[in-house]
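Whatever order the structure lists ligands and atoms in, that order sets their numbers, starting from 1. Counting begins at 1 with the first residue of the sequence. As the structure is a prediction and not an experimental result, all values here were calculated from the model. Because only heavy atoms are used, hydrogens play no part in the values below, and waters and symmetry mates are left out as well, while side chains stay in.
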Amino acid sequence: VRSEGTLVLAFDIGATWLRAALADGGGRILHRLTVRTARESRALEAQLAGLAQELLDKARALGGRVAAAGVGCIGPLDIREGVILRPPNLPVEHVEVGRVLREVLQGLPVYVLNDCTAACYGEWLLGAGRRVRNLAYVAIGTGIGGGAVVDGHLLLGWRGNAAEVGHLVVDARGRLRCGCGGRGHWEAHCSGMGMPRFLARWVSERGFTERELEVAFGKELARLTVEDIFAAARKGHSIALEFLEEVALLNAAGLASVISAFSPELLIIGGSVALGDYELVVEKALDRLGEFALNQAPLVRPATFGRDAVLMGAAALAIRPPEEFVRRL
Ligand SMILES: [Zn+2]
């Protein structure tokens with residue numbers, strides 16, 4: 001970890017929010033900026049340049065020196081060039097994150113990784129995963145993503161897309177199509193985006209009446225959000241609770257696959273859906289993990305940094321860039 005006098009810039013480029021921060025060498029956030037993510041490539045690049053300049057000015061005012069920038073962002077990515085390539089949930093084409101930031105930072109190093117890979121690294125360097133050699137991270141939020149550190153190395157994979165765990169198959173019959181185009185994926189069933197569509201399919205298979213559904217959820221099925229589902233469950237409506245048991249079973253299947261693949265000693269779970277109701281989402285799933293025959297159950301902990309998970313991951317990338325990533329640049 002860099003000395004406390006050195007500063008870094010961190011960026012979290014999400015489909016809705018673009019967060020940026022100035023942090024010190026210990027990962028403490030000194031100043032932060034948040035804007036709505038621009039929905040056009042050049043506008044997003046201009047936004048990044050503007051935020052970077054503002055943070056550089058702030059660093060100068062504080063008498064500090066910025067050494068590097070880290071970025072955790074929506075994919076798919078070309079991590080060598082630091083380019084976002086046509087993400088499924090933002091109408092941009094080719095966003096040159098690395099080039100734009102290197103220009104503003106006058107050639108200082110800029111490290112761009114997938115958001116969940118960055119968040120995993122942040123937990124490993126600065127959060128609950130410190131001093132652990134084998135760590136898996138899963139975020140259950142709008143989508144589902146993950147990251148893994150195995151034998152002390154951050155897994156990157158071809159083009160940086162290792163640990164895309166949201167696209168693990170949890171329904172081999174593939175009855176639901178995922179946003180990526182594939183069938184039967186974990187994210188299509190258990191993410192904030194996927195859950196309402198999974199519910200619609202599930203209730204149609206069970207033959208509930210319109211009246212029963214209206215009583216449980218208070219609105220028509222087509223307009224339900226994930227928040228409505230959890231609200232109904234907290235009020236004790238049996239259809240919602242029964243549905244969340246089904247979600248828990250699939251979450252258990254997904255988590256068991258992650259554990260089997262990466263053999264972590266610690267599994268950290270974050271993301272807005274999981275942290276929004278840790279008991280209903282995570283603890284229910286952990287209760288059923290045993291059904292998937294694990295002989296090495298890791299410790300499981302909620303994410304350390306909450307909604308700052310990606311931002312802290314981005315700061316961690318800049319504070320101590322992962323060797324396996326630097327070797328590729
Ligand atoms: Zn998918």
Residues passing the side chain to side chain donor-acceptor pair (under 3.5 Å) test with Arg42, sequence neighbours excluded, are Glu45
Ignoring water, what protein N, O or S atoms are under 2.8 Å from the Zn ion (ligand 1)? His167 ND1, Cys178 SG, Cys180 SG, His185 ND1
Qualifying side chain to side chain donor-acceptor pair (under 3.5 Å) pairs, either residue in residues 68-92, two or more places apart: none
Which residue pairs pass the side chain to side chain donor-acceptor pair (under 3.5 Å) test when at least one of the two sits in residues 126-145, sequence neighbours left out?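 Found Asn134-Glu265.
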Student check: side-chain heavy atoms of Arg307 and Arg19 closer than 4.5 Å: yes
Candidate list Leu55, Leu105, Val8, test side chain to side chain contact (heavy atoms under 4.5 Å, CB included), partner Val66, passing option: Leu105
Hey, are Glu324 and Arg328 close enough for a salt bridge, meaning a charged N less than 4.0 Å from a carboxylate O?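 Looking at Arg328 together with Glu324, the answer is no, because their closest N to O distance does not fall below 4.0 Å.
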